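Values below: all heavy atoms of this structure, side chains included; hydrogens, waters and symmetry mates excluded. Position 1 is the first residue of the sequence, and the numbers go up from there. Computed from a predicted structure; not experimentally measured.
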Amino acid sequence: MPEGDTVWRSARNLNRALAGQVITRCDLRVPSVATVDLTGQTVHEIVSRGKHLLMRIGESTVHSHLKMEGSWHLYPVDGRWRRPAYSARAVLGTESATIVGFSLGKLEVFPTAEEEDHVGYLGPDLLGADWDADEALARLRSRPERTIGQALLDQRNLAGIGNIYRCEVCFLTGVHPLTAVADVKDLPRVVDRAYRLLQLNRESAVAIVTTGNTRRGEENWVYGRAGRPCRRCRTPIVRAEVGNTELDVREYYFCPRCQPVPEHPGDAVVPATD
């Protein structure tokens with residue numbers, strides 16, 4: 001699933017290309033919004049909010065979430081698409097460009113005045129102007145029994161963290177993902193590390209780098225490295241899964257020496273929200 005920095009870059013690039021232009025083509029291929037016609041409307045701005053992308057066009061907002069496989073592509077007006085047409089869920093064009101949303105997990109259109117009704121539940125955005133570490137901490141602490149791993153993925157607490165960042169932040173702060181929030185010794189450090197990692201990676205379109213090493217295969221500390229030696233202590237990295245149902249199960253990675261398994265794991269029953 002794309003993380004907050006990926007959506008931030010998409011919003012920035014699309015905004016640079018379309019802001020101030022008039023929509024000349026509008027083809028929304030989702031039944032609930034198929035009759036919406038935005039032609040003739042001006043693109044005011046395109047922004048991200050956590051993992052959500054908001055296109056403010058005329059008096060409407062086109063809201064999308066990429067989920068597992070979604071992406072927005074920018075093309076010249078008659079440019080050849082890099083993904084098959086059957087996976088396109090939205091096509092918007094101006095006189096100078098075409099943008100296509102492929103395999104979008106969510107697509108809806110509503111009045112911009114009602115934006116907060118749709119995304120107002122999200123916590124402070126790690127890459128947004130509204131970032132507020134104290135508010136994020138307060139939200140995390142409001143459910144002290146939850147595992148820190150689940151709490152970090154929950155966009156109602158802080159918006160923008162996906163599974164890679166969840167695993168890497170926990171490793172870098174020496175916290176096992178199943179540790180209860182109440183038992184995390186330095187929660188402000190966890191939040192600060194999450195903020196720093198996303199800020200450092202927001203300009204990188206190649207890979208999420210948490211080690212400082214951009215060489216292929218060397219970018220991360222634990223994510224995707226099951227069975228390989230910990231870069232700090234050489235103990236084999238462990239892969240495990242946590243979730244309530246097959247639909248929300250997520251894998252996580254940790255070093256059993258650098259991140260000892262808690263004696264009393266937190267409660268992972270409350271699902272996270274994207």
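The OG1 atom of T98 sits 7.0 Å away from the CG atom of D78 when rounded to the nearest 0.5 Å. Atom CD1 of I57 is separated from atom CD1 of I46 by 6.5 Å, given to the nearest 0.5 angstrom. In this structure, the separation between CZ on R83 and NE2 on H73 is 5.5 Å, given to the nearest 0.5 Å. Rounded to the nearest 0.5 Å, atoms OG1 (T24) and CD (E95) are 6.5 Å apart. L53 contributes atom CG, which lies 10.5 Å from atom NE2 of H65 (distance to the nearest 0.5 angstrom). To the nearest 0.5 Å, the span separating CG on L153 from CG on L158 amounts to 9.5 Å.
A donor-acceptor contact shorter than 3.5 Å is absent between the side chain of S204 and the backbone of N201. In this structure a side-chain-to-backbone donor-acceptor pair under 3.5 Å is missing from K51 to T6. The main-chain N or O of G174 is never found under 3.5 Å from a side-chain atom of Q259 such that the two would form a donor-acceptor pair. Between the side chain of Q199 and the backbone N or O of L126, at least one donor-acceptor pair lies under 3.5 Å. Looking only at distances, a side-chain donor or acceptor of N157 sits under 3.5 Å from a matching main-chain atom of A151.
When the side chains of ILVMFWY residues are joined at heavy-atom separations under 4.5 Å, either directly or via intervening members, M55 and V22 end up in two distinct hydrophobic clusters. Residues V91 and L107 fall into different hydrophobic clusters, defined by Ile, Leu, Val, Met, Phe, Trp and Tyr side chains chained together at heavy-atom separations under 4.5 Å. Under a hydrophobic clustering in which Ile, Leu, Val, Met, Phe, Trp and Tyr are joined whenever their side-chain heavy atoms come within less than 4.5 Å, directly or via other members, F171 and Y165 fall into the same cluster. Cluster membership for Y252 and L172, using ILVMFWY side-chain heavy atoms within less than 4.5 angstrom, is not shared.
Applying the side chain to side chain donor-acceptor pair (under 3.5 Å) rule to pairs touching residues 222-231 yields E218-R231, Y223-E251, sequence neighbours excluded. Contacts classified as side chain to side chain donor-acceptor pair (under 3.5 Å) and involving residues 13-23 (residues at least two apart or in different chains) are given here: Q21-T94, Q21-S96.
M68 and P2 get closest at one heavy-atom pair: O-CD, 3.8 Å. What you find for V191 and A136 is that their closest heavy atoms are CG1-CB, 4.4 Å.
Applying the side-chain hydrogen bond (donor to acceptor under 3.5 Å, both in side chains) test to R29 and every residue at least two apart in sequence or in another chain returns D27. With sequence neighbours left out, V47 forms a side chain to side chain contact (heavy atoms under 4.5 Å, CB included) with E45, L54, R56. Partners of D37 according to the side-chain hydrogen bond (donor to acceptor under 3.5 Å, both in side chains) rule, which considers only residues two or more places apart in sequence or in another chain, are T39. Residues satisfying the side-chain hydrogen bond (donor to acceptor under 3.5 Å, both in side chains) criterion with R196, sequence neighbours excluded, are D192. Among residues two or more places apart in sequence or in another chain, the side-chain hydrogen bond (donor to acceptor under 3.5 Å, both in side chains) test is passed with R139 by E135. Checked against ring pair (Phe, Tyr, Trp, His ring centres under 6.0 Å), W131 has the following partners two or more places apart in sequence or in another chain: Y195. The ring pair (Phe, Tyr, Trp, His ring centres under 6.0 Å) check on H44 picks up nothing, with sequence neighbours excluded. Applying the salt bridge (Lys or Arg N to Asp or Glu O under 4.0 Å) rule to R9 yields the partners D5; only residues at least two apart in sequence or on another chain are considered. Take T210 and apply the side chain to side chain contact (heavy atoms under 4.5 Å, CB included) test, not counting sequence neighbours, and it matches E168, L197, I208, N220, W221.
Counted by atom type alone, S64 and R89 present zero donor-acceptor pairs between their side chains at under 3.5 Å.
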> Between R250 and D154, does a salt bridge (Lys or Arg N to Asp or Glu O under 4.0 Å) hold up when you go through it step by step?
Replying inline: CA-CA 13 Å; R250 297 281 183 88; D154 195 330; over 6 Å; no
>> I'd like to know whether R49 forms a salt bridge (Lys or Arg N to Asp or Glu O under 4.0 Å) with E116, so could you lay out the CA-CA distance, the side-chain angles of the two residues, the decisive distance to 0.1 Å, and finally the verdict.
In response: CA-CA 11 Å; R49 179 112 181 239; E116 283 302 297; 2.9 Å; yes
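Using cut-offs of 30° and 60° on the angle between ring planes, the pair W81 and Y75 is parallel.
Checked for salt-bridge contact, R202 and D125 miss the test: no charged N lies under 4.0 Å from a carboxylate O.
Within a 6.0 Å radius of CD in E203, other residues, nucleotides and ligands contribute more than 12 heavy atoms. In this structure, R257 places its CZ atom where only 12 or fewer heavy-atom neighbours from other residues, nucleotides or ligands lie under 6.0 Å away.
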Result block: side-chain N/O donor-acceptor pairs under 3.5 angstrom for residues 178-187, not counting sequence neighbours:
unit_1, atom_1, unit_2, atom_2, d
T179, OG1, H176, O, 2.9
D186, OD1, R189, N, 3.2

